[in-house]
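A note on names: the letters A, B, ... follow the listed sequences, proteins ahead of strands, and every chain is numbered from 1.
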Amino acid sequence: MGEKGLTSFFEDFLSKESLFSNKQALQSSFIPETISHRDSEIKQVANILAPTLKLEKPSNLFIYGKTGTGKTLTIKHITQNLSNLAKERNIPLKIIYLNCKLKKIADTEYRLIAQLVRELGSEIAATGLPTDEVYKSFFNILDSQKQHILLILDEIDQLVKKTGDEILYNLVRVNEDLKQSQITLVGISNDLIFVDTLDPRVRSSLSEEELVFPPYNAIQIQDILRQRSKEAFKEGSLGEGVIEKCAAYAAREHGDARRALELLRVAAEVAERNNLKTVNITHIDEAEDKIEKDRIIDTITHQPKQSQATLYSIISLFLKRKESIFTGDIYEVYKNISPQIGLRPLTQRRISDIVAELDMLGIINAKVISKGRHGRTREISVLVPPVILNKMKKVLEEGLALS
DNA sequence: CGAGATTCATGTGAAGTATACCTTTAGGCTTAA
DNA sequence: AAGCCTAAAGGTATACTTCACATGAATCTCGTA
């Protein structure tokens, strides 16, 4: 495309009628004015957290529910209200929301507490300090003025799985030592049996109140989609049956509303890119593939180099021969390619862990099996459709600067 | 033929090491009185 | 003499390695029918 062509392309782009009137409304970070089909949950959570406004200590709260059941949304909606009101009335209420899954931010005890200190407006070193020291500064900031902290830990199960429940024990215990401030914990988890794995002391104090968010059914998802698309799209942008199909796809799993919204948004983007004025059903299938692809590509590009190299080894093995792949095979391949990339080869012990991590990410499926006389290993398969597989390989080659 | 022992290839936990970063401390230099 | 800077010392978290033991079904062994 020449200079002129590019300019006119952008001009075309600007003058093009968009399907969207407010695309934001379909983004998963969007918090709508009203949340449908969660009335009773909202009421309950609000009831539990309301005492914060009088600076009384509410019960700690634990929320379960599968992905896309509106847990995070509900909590954010409520805390937004709380915090507005608190500001209006000059109530010293500080709300901290942390997603424990975020690598390098809140995925270890040290990092979580350090991040809390930062949220409270103070600098702290990323490493090097004793954990006690970090706790101490957290403590000091907390108690430096009278205030109430509402601490929301999203995907808390991930954190505990990795680092144990000591953090939670420390956090629930903090109140005993604080003179001026108080801290209330809200844990969010999509693992339903998570609390059972906790130390009993932690369990009883963390889940003083428990709340389960049930999945949405297809009708409810349709409702949500309609409501949001009213805001997001211009009139007449959606074709016949589009919403129904998105809802059906999402309900097929377990009523994941986030997925339904994403499906709708991406389908519309596809339609828009094709210069169409309306979204129709075929776009949804396209969107489904695209979402899956983007998700995978996104996760792998954000992996550390060593994980990428491991994954690359797995994929090349998988493409070469379809039969089952074992850890030993992977390590052989990995050992060969890692110097080409300029990586110091890690030991098999570590690769074993990395393979387990990739399994957790859902990119591959690694099952520990016993081959009897021939020992024990992980049997690995790649879960991804072949089309994406090639794309993945390409992305990895780029990321690793492999030819 | 079948129960029990053996075996293999790697899983897995614990302890040790390297690296990167932190604070404290002590020495040396500068500066101002 | 006081103040400031720098480098060494001593500490920590994290990612990785090393060591050693655990696993568990296919396979082997050997007593028995």
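In this structure, D107(A) pairs ionically with R111(A), as a charged nitrogen and a carboxylate oxygen lie closer than 4.0 Å.
Remark: R378(A) is in phosphate contact with dG11(B), judged by side-chain N or O atoms under 4.0 Å from OP1 or OP2. Contact annotation: S370(A) does not reach the phosphate of dG24(C) (side-chain N/O to OP1 or OP2, under 4.0 Å). The shortest distance between the side-chain N/O atoms of T108(A) and the OP1/OP2 oxygens of dT14(C) is below 4.0 Å. At least one side-chain nitrogen or oxygen of S352(A) sits closer than 4.0 Å to the OP1 or OP2 atom of dG11(B). Dashed line: the shortest gap from a side-chain N or O of T131(A) to OP1 or OP2 of dA13(C) is under 4.0 Å.
We find that CD1 of I325(A) is positioned 14 Å from P of dT10(B), with the value rounded to whole Å. Distance K367(A) NZ to dA9(B) P: 21 Å, rounded to the nearest Å. We find that CG of D132(A) is positioned 15 Å from C1' of dT23(B), with the value rounded to whole Å. Atom P of nucleotide dA9(B) and atom CD of E379(A) are separated by 16 Å, given to the nearest angstrom. Distance, L346(A) CG to dT14(C) P: 19 Å, rounded to whole Å. Here the C1' atom of nucleotide dC16(C) and the CD atom of E357(A) are 12 Å apart, to the nearest Å. For the pair I124(A) CD1 and dT12(C) P, the computed distance is 15 Å after rounding to whole Å. Remark: P of dT14(C) and CD of E109(A) are 9 Å apart, rounded to the nearest angstrom.
Taking the six-membered ring for Trp and thresholds of 30 and 60 degrees, Y216(A) and H37(A) have ring planes more than 60 degrees apart, a perpendicular arrangement.
Taking every side-chain heavy atom of R376(A) into account, dT10(B) is the closest of dT17(C), dT10(B), dT12(C). Nearest nucleotide to the side chain of Y110(A), out of dA13(C), dG11(B), dT12(C): dA13(C).
Within the nucleic acid shown, P345(A) comes within 4.0 Å of sugar-phosphate atoms alone, with no base atom in reach, counting heavy atoms only.
Cation-pi geometry between R201(A) and Y169(A) is satisfied (NZ or CZ under 6.0 Å from the ring centre, within 45° of the ring normal).
The heavy-atom pair separating I221(A) from A250(A) by the smallest distance is CD1-CB, 4.1 Å.
If you find the closest nucleotide of DNA chain C to H374(A) and to R111(A), the one lying nearer the 5' end belongs to R111(A). The nearest heavy atom of DNA chain B to V368(A) and to G128(A) marks one nucleotide each, and the one closer to the 5' end goes with V368(A).
Checked by distance alone, R373(A) brings no side-chain donor or acceptor within 3.5 Å of a matching partner on the base of dG24(C). Side-chain atoms of R349(A) stay outside donor-acceptor range of the base of dT17(C), with no qualifying N/O pair under 3.5 Å.
Side chain of R38(A) to backbone of T69(A): a donor-acceptor contact under 3.5 angstrom is found.
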